[in-house]
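Just below is one structure, and these are the notes that go with it.
Order of listing sets the numbers, starting from 1, for every ligand and every atom in it. We use all heavy atoms of the structure for the numbers below, so side chains are in, but hydrogens, waters and symmetry mates are not. Numbering of residues begins at 1 and proceeds along the displayed sequence. Here the structure is a predicted model, which means the values were calculated and not measured.
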Amino acid sequence: MHILVLGKNGQLGQSFHHLAQNEQSWQWKFAEKKILDLNHPHFREQLLSFKFDILINCAAYTAVDKAETEIDTAYQSNSIAVRHMAEVCLDRNALLIHFSTDYVYHNSLREPLLESSLTLPEGIYAKSKLEGENQILASGCKYLIFRTSWVISPYGNNFVKTMLRLAETNSILKIVSDQIGTPTLAVDLAAAVIQIIKLYQQNPSNFADYGIYNYSNTGEVSWNDLATEIFKLSNLKVEVIPISTAEYKAPASRPQYSVLSTEKIRKTFGIAIPHWKDALQRCLNQLSLN
Ligand SMILES: NC(=O)c1ccc[n+]([C@@H]2O[C@H](COP(=O)([O-])OP(=O)(O)OC[C@H]3O[C@@H](n4cnc5c(N)ncnc54)[C@H](OP(=O)(O)O)[C@@H]3O)[C@@H](O)[C@H]2O)c1
């Protein structure tokens with residue numbers, strides 16, 4: 001089986017790359033932006049030149065605040081390029097594995113979000129991601145979409161690495177305390193996807209569990225408490241002062257309560273999901289080795 005992964009250098013792309021070493025019965029190919037650019041006018045033709053039975057799309061425009069001014073680029077990457085992927089997958093009867101975000105919900109529910117919960121995305125990034133999902137659904141291809149949240153990893157840019165960097169030069173940090181969510185360790189999500197691919201591979205023509213699935217680690221936490229936990233586990237003396245979302249003044253709106261229910265993925269595929277504190281500890285362990 002041939003698997004093509006887009007977004008080789010991102011958090012999730014690098015996590016798949018790491019795990020691919022243990023899955024050598026599959027032919028993996030990883031493409032980075034300079035090989036396959038989502039915004040290239042001939043993206044579709046370029047994609048067609050690759051052989052794959054499964055396309056894992058880890059590439060995306062992920063700059064949530066910058067998207068407010070780079071609207072065309074965000075939609076091109078997160079929606080139009082995704083439509084091309086879905087149509088190519090349909091033509092080839094390939095499986096498209098795609099990632100989306102908790103930001104597509106942004107409703108006012110104060111309970112864990114179900115895949116069937118109302119989607120009310122605010123901001124260009126969130127809207128472009130939902131439009132990408134809708135392109136996949138409209139295409140008729142075989143798909144698995146994983147909506148995830150607060151991705152952390154030893155790779156790329158993320159909250160954990162930002163906190164550790166800021167701690168080098170600050171003894172007091174003001175962190176938003178009124179947004180609640182759940183971190184997702186990228187390698188845990190990638191491992192869950194690989195487990196699901198194995199179920200699919202057993203009998204692709206009988207596989208019936210296509211659809212949208214939430215995935216994050218379990219539990220819930222505010223950014224403020226997450227920062228406190230990062231410093232505690234890293235033995236760093238930083239005073240964390242709670243501030244409100246309004247005080248932080250980010251250009252793009254963020255949901256206040258964005259905890260994903262992971263019941264569907266756990267029940268459908270028998271996936272065991274670690275708690276975010278366990279995931280954070282493993283992320284920090286990995287960072288300390290780098
Ligand atoms: N990060 C989060 O907290 C979070 C939360 C919810 C959902 N998600 C979703 O999860 C998925 C993976 O996120 P991530 O955290 O792994 O993202 P990431 O670390 O920002 O990686 C994104 C990847 O996309 C690539 N990319 C960007 N523009 C591209 C283009 N025009 N052509 C080709 N490649 C391009 C980047 O390449 P370069 O490195 O070369 O720029 C990078 O490798 C995305 O779908 C994202 O929307 C992320």
One line per pair, note the atom names and distance for all nitrogen or oxygen contacts under 3.5 Å between ligand 1 and the protein.
{"unit_1": "ligand 1", "atom_1": "3 (O)", "unit_2": "V151", "atom_2": "N", "d": "3.0"}
{"unit_1": "ligand 1", "atom_1": "15 (O)", "unit_2": "Q11", "atom_2": "NE2", "d": "3.1"}
{"unit_1": "ligand 1", "atom_1": "16 (O)", "unit_2": "Q11", "atom_2": "N", "d": "3.2"}
{"unit_1": "ligand 1", "atom_1": "16 (O)", "unit_2": "L12", "atom_2": "N", "d": "2.9"}
{"unit_1": "ligand 1", "atom_1": "19 (O)", "unit_2": "Q11", "atom_2": "N", "d": "3.0"}
{"unit_1": "ligand 1", "atom_1": "20 (O)", "unit_2": "T62", "atom_2": "OG1", "d": "2.7"}
{"unit_1": "ligand 1", "atom_1": "24 (O)", "unit_2": "A60", "atom_2": "N", "d": "3.2"}
{"unit_1": "ligand 1", "atom_1": "24 (O)", "unit_2": "A60", "atom_2": "O", "d": "3.4"}
{"unit_1": "ligand 1", "atom_1": "31 (N)", "unit_2": "D37", "atom_2": "OD1", "d": "2.9"}
{"unit_1": "ligand 1", "atom_1": "31 (N)", "unit_2": "N39", "atom_2": "ND2", "d": "3.3"}
{"unit_1": "ligand 1", "atom_1": "32 (N)", "unit_2": "D37", "atom_2": "OD1", "d": "3.3"}
{"unit_1": "ligand 1", "atom_1": "32 (N)", "unit_2": "L38", "atom_2": "N", "d": "2.8"}
{"unit_1": "ligand 1", "atom_1": "43 (O)", "unit_2": "G10", "atom_2": "N", "d": "2.9"}
{"unit_1": "ligand 1", "atom_1": "45 (O)", "unit_2": "F99", "atom_2": "O", "d": "3.2"}
{"unit_1": "ligand 1", "atom_1": "45 (O)", "unit_2": "K129", "atom_2": "NZ", "d": "2.7"}
{"unit_1": "ligand 1", "atom_1": "47 (O)", "unit_2": "Y125", "atom_2": "OH", "d": "2.7"}
{"unit_1": "ligand 1", "atom_1": "47 (O)", "unit_2": "K129", "atom_2": "NZ", "d": "3.0"}

Please, which pairs that meet side chain to side chain donor-acceptor pair (under 3.5 Å) have at least one residue in residues 47-59, sequence neighbours excluded? N57-H98
So the side chain to side chain donor-acceptor pair (under 3.5 Å) pairs with at least one residue in residues 4-20 (sequence neighbours excluded) are N9-E32, Q11-S153, Q11-N158
According to salt bridge (charged side-chain N to carboxylate O under 4.0 Å, His left out), does anything in residues 179-207 pair up with another residue at least two apart or in another chain? List the pairs. E23-K198, D188-R282
Any side-chain heavy atom of Y210 sitting closer than 4.5 Å to one from L95? yes
Check this for me: does any side-chain nitrogen of one of E247 and K174 sit under 4.0 Å from a carboxylate oxygen of the other? no
Minimum heavy-atom distance N107-S117, with the two atoms named: ND2-CB, 3.9 Å
